[in-house]
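Counting convention: from 1, in listed order, for ligands and their atoms alike.
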Amino acid sequence: MERFLLQEQTEPFITFVLGGPGSGKGTQCAKIVETFGFKHLSAGDLLRREIASKSEYGSMILNTIREGKIVPSQVTVKLIQKEMESSDNKKFLIDGFPRSEENRMAFEKIVGTEPNVVLFFECPEAEMVKRVLDRNEGRVDDNIDTIKKRLKVFEELNLPVINYYSEKGKVFKINAVGTVDEIFEQVLPIFAACEAIKQVA
Ligand code: UDP
Ligand code: MG
């Protein structure tokens, strides 16, 4: 009976939100949550929460973030999976993940599913650097040295993920230069046109 009930449940609706550091992923996620009622899971925030809670991986995560490198996939995927499993809301915005092909494959293997939609916030490097240096959130990685490393990691490791999903026709490219509202005007029709999200509680 339980098995039957599980099968009856609707599949989750998963959106990966990608783009370089400072491309506006978090800001636009807040707008998407407001309008479409998604559960926002920022991979970076989940990792920072691990650091703050002094968990066993805290110091490793802190060092990795400081270096602008990517935390081992197992760690990040488990954190995301835990949040997904404990959420009543099955419409997920997964922000800042997957950051590499290895991340992507680990997610698909461990969680056992693919995203429905991938948003890619495209932003010139100079603009991303300016935004990160101006945001004053007290982050250990918002300094010019780490930003340069993060941009390199983004290009080398994250762009292949975007290319992979582009070939599958899942990527929606957003011009991330402009006001928050101007950018959201490009995001809105993507979800508004998506019948599938209306069927997910
Ligand atoms: N990070 C990671 N794996 C992830 C997400 C983030 O290793 O899936 C680390 C990585 O070191 C990254 C940092 O956390 O540079 C900050 O990520 P976040 O997404 O918060 O930064 P943003 O791109 O929004 O500036
Ligand atoms: Mg962010």
> Look at atom 8 (O) of ligand 1 and say which protein heavy atom is nearest, naming residue and atom and giving the distance to 0.1 Å.
Phe97 CD1, 3.2 Å
> Can you tell me if Glu155 has over 12 outside heavy atoms packed within less than 6.0 Å of its CD?
no
> Would you say Lys69 and ligand 1 have an N/O pair spaced under 3.5 Å apart?
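Yes - when backbone and side-chain N and O of Lys69 are compared with those of ligand 1, one distance drops under 3.5 Å.
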> For ligand 1, which atoms have a heavy atom of Val71 less than 4.0 angstrom away?
2 (C), 7 (O)
> In terms of atom number and element, which parts of ligand 1 are under 4.0 angstrom from non-hydrogen atoms of Ile70?
7 (O)
> Compare every heavy atom of Glu83 with every heavy atom of Leu41, then report the nearest pair and how far apart it is.
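In terms of heavy atoms, the two residues are closest at CD2-CB, 3.6 Å.
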> Check ligand 1 against Thr76 and write out every atom of the ligand that is under 4.0 Å from a heavy-atom position of the residue.
8 (O)
> If you count the non-hydrogen atoms of other residues, nucleotides and ligands that lie under 6.0 Å from CD in Glu108, is the total more than 12?
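Yes - once you tally the heavy atoms of other residues, nucleotides and ligands closer than 6.0 Å, there are more than 12.
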> If hydrogens are left out, which of Arg66, Arg99, Arg139 has an atom nearest to atom 4 (C) of ligand 1, that is, the closest non-hydrogen atom?
Arg99
> Can you confirm whether more than 12 heavy atoms, excluding those of Glu102, are under 6.0 Å from its CD atom?
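Atom CD in Glu102 is not packed in, count stays at 12 or less.
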> Take the angle between the ring planes of Phe36 and Phe191 and call it parallel below 30°, perpendicular above 60°, tilted in between.
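Aromatic pair Phe36/Phe191 classed tilted.
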> Could you list which atoms of ligand 1 come closer than 4.0 Å to a heavy atom of Ala43?
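The atoms of ligand 1 under 4.0 Å from a heavy atom of Ala43 are 4 (C), 5 (C), 8 (O).
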> Looking only at heavy atoms, is any part of Arg135 under 4.0 Å from ligand 1, and if so is it the side chain, the backbone, or both, or is it neither?
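The answer is the side chain.
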> Look only at interatomic distance and state if Arg48 has a nitrogen or oxygen under 3.5 Å from any nitrogen or oxygen of ligand 1.
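Yes, Arg48 has an N/O under 3.5 Å of an N/O on ligand 1.
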> Nearest 0.5 Å please: distance from the CD atom of Glu185 over to the CG atom of Asp181.
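Nearest 0.5 Å value for the CD-CG distance: 7.5 Å.
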> Give the residue and atom name of whichever protein heavy atom lies nearest to atom 25 (O) of ligand 1, and the separation in Å to one decimal.
Arg150 NH2, 2.7 Å
> If we set the cut-off at 4.0 Å for heavy atoms, which region of Asp141 has an atom near ligand 1: side chain, backbone, both, or neither?
side chain
> Which ligand 1 atoms are under 4.0 Å away from a heavy-atom of Gly96?
4 (C), 5 (C), 8 (O)
> Can Arg48 and Glu137 be counted as an ion pair, charged N to O under 4.0 angstrom?
no
> Do Asp88 and Lys39 sit within salt-bridge range, that is, some charged N less than 4.0 Å from a carboxylate O?
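Not counted as a salt bridge, because no side-chain N and carboxylate O are separated by less than 4.0 Å.
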> Salt bridge check, Lys69 against Asp141: does any charged N sit closer than 4.0 Å to a carboxylate O?
no
> Any idea which protein heavy atom is nearest atom 23 (O) of ligand 1, and the distance to it?
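Nearest protein contact, heavy atoms only, for atom 23 (O) of ligand 1 is Lys25 NZ, 2.8 Å.
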> What residue and heavy atom of the protein are closest to atom 9 (C) of ligand 1, and at what distance?
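Answer, as residue, atom name and distance: Ile65 CG1, 3.8 Å.
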> Name the closest protein heavy atom to atom 1 (N) of ligand 1, giving the residue it belongs to and the distance to 0.1 Å.
Leu47 CD1, 3.4 Å
> Hey, what's the ring geometry for Phe154 with Phe120, parallel, tilted or perpendicular (30° and 60° as the breaks)?
tilted
